Amino acid sequence: MDYQTLRKQIIEKDFSNMNDRQFEAVTTVNGPLLILAGAGSGKTTVLINRIAYLVRYGNAYQSIEVPYYTEADLAAGQDYLDGKTDTPPQDGFSVRPPKPWEILAITFTNKAAGELRERIDRKLGEGGADLWAGTFHSVCGRILRRYADRVGFSSHFTIYDTDDQRRLMKQIMKDADVDEKMLPHRSVLSAISSAKDSLISPQELMQMAGSNPRQKMIAELYRIYVRRLQEADAMDFDDMIVYTVKLLRENDDVREYYANRFRYVMVDEYQDTNHAQYVLIGLLAGGGNLCVVGDDDQSIYRFRGATIENILHFEEDYPGAKIIRLEQNYRSTANILNAANAVIKNNIGRKGKTLWTESGDGDKIAVYNAADEKEEAKHIADDILEQVGKGGTFSQHAVLYRMNAQSAALENVFARSGITYKVIGGFRFFERKEIKDILAYLNVVNNHQDGIRLRRIINEPKRGIGETTVNRAAQVAEQNGISLFEIFSRADEFALLSRAAAKLQTFCQTIDALSDLIEDVSLSELVEQVLEQTGYRAALQAENTEEAKDRLENVMEFVSTVKHYEEENEEPTLSGFLEEISLVSDTDSLDENDDAVVMMTVHAAKGLEFDRVYLVGWEEGIFPGNQSIYGGPEELEEERRLAYVAITRAKKHLSISHAATRMLFGQTGRNLPSRFLKEIPPELCEENKVRFSSTVIPVTESKKREFSSGFGTFSSVKQPSAPAVAYTAGQTVEHKTFGVGMIVKATPMSSDTMLEIAFEKVGTKKLMANFAKLKVLS
DNA sequence: TATCGTAGTGTTTTT
DNA sequence: CACTACGATA
């Protein structure tokens, strides 16, 4: 057997766990490639294998005649990248396989990037850490830290979040005397954001505005906003993309450096890229070895500028592009998959594909009509407890809703039922007031120009520096083109500020002293010093209320976050830390090691999968939401894609529910079942599997008529009853399958007792006493 | 200047 | 409902 055939065989064996399509996707590495990957088609594995393939074999499989790489080639490649020679690798293709640091993988979350690195490490033994993997924002951050000066920022520029943007815009509009009633800052910001997503400059927006006064005003505010951000040495999320594009467009050397460095570029979730990101990808993937992975049916971020056109026009944008479709689903049962297919086929604007699976039908989809949102929650809680009682875990369950506000009703019931749960998204740790305060301090210490953060903390804790003082100082700063901080520190020079001058200058000295510490002291020590020197901790301690105690605890928690960061990073820096926490996404914090039911929005669930999924609030006006019902067919199609994403999260069991009446935002409304529910063929569903609810739900006459087919007619309600045997912590028991164990915790619930038992062989499990059929040994 | 109270307001989805 | 923003008062 000749060498090449042998080699081919080795590769085929190495990736023998891939199906034919997947194998093709893994080994097609040269030139543009679009992988249309349906939900659950194993695209993550494909991506990982593709990188592993590249690093191990280069382009060997396709261009078998290219000689096996030699030491000399390696050296040549190294030299090339070090800029010692201008000769690119021959034919534009690599002769030697690329190194991990020559591969760029853009993922949707930081967590996905981390997993990618880890799994590359596991597969190749090493090298994962060198891989450039991250979200658009973190990759841009990394590039910008290095070249920010080329676009007018310093290397430790600040990142403004939505709240900072809001504050800044409110200030700008106040300065410009714009009436918020006519033009809310919210709409200005969203207009600016979509302009940035499309790479439209303030000048261009002004031109586009023509004579429309409202549009002209927005463009003018945009111009000021951009300037103010630059003065503050700050970027918002959109800026990170915009300025990276600007950097690469205007600096040939930088563009060439990255385009040459990244010989292979991969972009996941391509359907959710916006125009700016699209341009960025084009600039980075100068070499043409671009592979994008996406699913037009899962495009759910139109509201933040994502355009499905990017995926629909990929072939035109990159001539000669190859398209590979992955349509075999390995995640869900046939019933779940068919339901998803049935729903999405009602959309018109799509590439069109039908997922199939070899797995069996599985459970039917449980459809449940609840009286109201409380009953809906109870039903789910009962179902989860039943599963856990049978030996299941909490963490295999997920509840998905359309908006964060819907979590409250579920949390209430879950907490009372003794269900361990975790809410992803909503109010985040880093959005708490006390945390934002400390972050503001750190940001100001890091960057004195940061006026927005400075305003936040100048009188927190109270220093007797009021709004009037700050506004006066801001005016002086604006007139002289000096930063607010500098005015504060030179307060004695201005008559207007004489009254507060001493206080202002003391404050500035404290900040300056803290800034001096950055070089000499560890990050956590710096944070300690900030808490100490600024009097923030002392002020909280002095308050002596429950709330202050709570906040103090959160502050401590924050300090341990800092310590954690220090341990995780080889060279921890203040700006690095601040950037990292600005860019964490909600799902990054998801840890599948703790056993808890996961609750989150459908958006947040993208890319995740669970054995048992509960979709709540499938009602007209909720899902699809009113906005989309009245917002035109495009909006509705996006909503349907969202439904498709929701359904395809489930592996084994899917439950969809809707409530006849729902209390939301303080009002009780009646909603009809969602149209998406009607799009699922009835034969796949099992309607209203009536169960014994643990509590009496009062049903009024009028309501009874509404859903007589369902809950209303079933009036038999099981009374809460104590379990046959009373269990207490400390008892030793025997379970049929788990063996002998000791009860660690016994939590009485409405009609049963939840037991936490430490088994000798299988570890700690949570069981329901009535289900577990335990034998008491002692 | 700080605090308290009330009125008003807005609520998709997120890096 | 829950939060914020603003205005009146101490």
Side-chain angles (χ1 to χ4, degrees), chain A residues 106-113 134-141 159-167 170 174 180-181 184-187 190 193 196-197 235-242 269 272-274 276-277 299-306 373 400-409 424-428 430-431 433 458-471 499-500 503 579-588 600-606 617 621-631 635 638-639 641-643 645-646 662-669:
Chain A
I106 294 177
T107 54
F108 199 67
T109 60
N110 293 303
K111 186 159 171 265
T135 61
F136 271 104
H137 294 273
S138 62
V139 168
C140 287
I159 298 170
Y160 272 7
D161 68 13
T162 327
D163 185 56
D164 303 318
Q165 288 180 282
R166 225 190 79 248
R167 284 161 185 263
K170 287 198 80 160
K174 209 173 168 188
E180 285 243 23
K181 291 206 173 74
H185 66 270
R186 218 184 130 82
S187 18
S190 95
S193 178
K196 285 184 178 174
D197 287 344
M235 292 194 196
D236 64 23
F237 291 125
D238 300 317
D239 283 335
M240 298 190 70
I241 316 286
V242 171
E269 309 285 6
D272 286 324
T273 51
N274 60 36
Q277 290 166 333
S299 168
I300 54 174
Y301 283 99
R302 212 170 82 104
F303 70 91
R304 70 173 192 207
E373 79 282 351
L400 308 183
Y401 35 79
R402 180 65 241 269
M403 359 172 221
N404 284 120
Q406 288 172 266
S407 74
I424 306 290
F427 306 104
R428 296 177 232 192
F430 293 112
E431 278 167 16
K433 288 153 220 86
I458 185 68
N459 201 26
E460 187 69 55
K462 302 276 174 283
R463 297 188 177 87
I465 301 170
E467 220 188 296
T468 348
T469 312
V470 177
N471 283 338
R499 263 183 67 185
K503 294 173 196 160
E579 173 169 325
E580 198 172 297
I581 58 170
S582 308
L583 298 181
V584 283
S585 62
D586 293 324
T587 33
D588 288 336
M600 62 189 140
T601 63
V602 180
H603 280 93
K606 192 170 119 123
I622 306 280
F623 194 14
N626 278 322
Q627 259 95 346
S628 59
I629 293 175
Y630 302 111
E635 296 279 327
E638 169 120 337
E639 205 81 350
R641 290 193 290 271
L642 197 56
V645 170
R662 178 179 296 273
M663 167 93 138
L664 203 60
F665 303 125
Q667 283 187 56
T668 311

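Proteins get letters first, then strands, A, B, ... in listed order; numbering begins at 1 in each. Remember, it's a predicted structure, so these values are computed and weren't measured experimentally.
- Among the heavy atoms of the strands, none lies under 4.0 Å from R499(A).
- By the stacking rule of 5.5 Å between ring centres and under 30° between planes, F303(A) does not stack on the base of dT14(B).
- Counting to the nearest Å, the C1' atom of dT11(B) and the CZ atom of F665(A) are 4 Å from each other.
- Here the C1' atom of nucleotide dT13(B) and the CZ atom of R641(A) are 13 Å apart, to the nearest Å.
- Heavy atoms of G625(A) sit nowhere under 4.0 angstrom from any nucleic acid atom.
- Side-chain contact check for L664(A) versus I622(A): some heavy-atom pair is nearer than 4.5 Å.
- Here F108(A) lies out of heavy-atom contact (under 4.0 Å) with every strand.
- Between H603(A) and F303(A), the ring planes lie perpendicular to each other; the angle is over 60°, past the 30° to 60° tilted range.
- When the side-chain nitrogen and oxygen atoms of N459(A) are compared with OP1 and OP2 of dA2(B), one or more of them lie within a distance under 4.0 Å.
- In this structure, of dT15(B), dT1(B), dT12(B), it is dT12(B) that holds the atom nearest to the side chain of R402(A).
- If you measure from atom NZ of K181(A) to atom P of dG8(B), you get 10 Å, rounded to the nearest angstrom.
- Contact annotation: the side chain of R662(A) never approaches that of T668(A) to less than 4.5 Å [non-hydrogen atoms, C-beta and beyond].
- Of the two residues contacting DNA chain B, namely E467(A) and L642(A), the nearest-nucleotide position lying further toward the 5' end is that of E467(A).
- The closest donor-acceptor contact from the side chain of D272(A) to the backbone of I300(A) lies under 3.5 Å.
- Between R186(A) and dT12(B), a side-chain N or O to OP1/OP2 separation shorter than 4.0 Å is present.
- Distance, F430(A) CZ to dT14(B) C1': 16 Å, rounded to whole Å.
- Note that the first and last nucleotides of DNA chain C, 5' to 3', having any atom under 4.0 angstrom from a heavy atom of chain A are dC1(C) to dA5(C).
- Between T469(A) and the phosphate of dT1(B), there is a side-chain N or O to OP1/OP2 separation shorter than 4.0 Å.
- Mapped onto DNA chain B by nearest heavy atom, I465(A) and T162(A) fall at different nucleotides, with I465(A) at the one closer to the 5' end.
- Within 6.0 Å of CD in E431(A) there are more than 12 heavy atoms belonging to other residues, nucleotides or ligands.
- Rounding to whole angstrom units, CZ of residue R166(A) and P of dT11(B) are separated by 10 Å.
- Distance OH (Y301(A)) to P (dT13(B)): 11 Å, rounded to an integer number of Å.
- Side-chain atoms of K170(A) and E180(A), non-hydrogen and from C-beta on, do get closer than 4.5 Å to each other.
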Check against side-chain contact (heavy atoms from CB on, under 4.5 Å), D239(A) and Y160(A): CA-CA 10 Å; D239(A) 283 335; Y160(A) 272 7; over 6 Å; no
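- Closest contact between the side chain of K462(A) and the listed nucleotides dT3(B), dT15(B), dT14(B) involves dT3(B).
- Rounded to an integer number of Å, the gap from D164(A) CG to dT15(B) C1' is 14 Å.
- Atom CZ of R463(A) has more than 12 heavy atoms from other residues, nucleotides or ligands within 6.0 Å.
- Comparing atom distances between the T601(A) side chain and each of dT12(B), dT15(B), dT14(B) picks out dT14(B) as nearest.
- Going from atom CE of M600(A) over to atom P of dT14(B) covers 11 Å, rounded to whole Å.
- Between the side chain of D164(A) and the backbone N or O of D161(A) there is at least one donor-acceptor pair closer than 3.5 Å.
- Remark: the separation of the P atoms in dT11(B) and dC6(C) is 15 Å, to the nearest Å.
- As rounded to the nearest Å, dT4(C) and dT13(B) have C1' atoms that lie 22 Å from one another.
- Between N110(A) and the phosphate of dT15(B), there is no side-chain N or O to OP1/OP2 separation shorter than 4.0 Å.
- An OP1 or OP2 oxygen of dT15(B) is reached within less than 4.0 angstrom by no side-chain nitrogen or oxygen of S138(A).
- Put simply, N404(A) has a side-chain N or O that comes within less than 4.0 Å of OP1 or OP2 on dT13(B).
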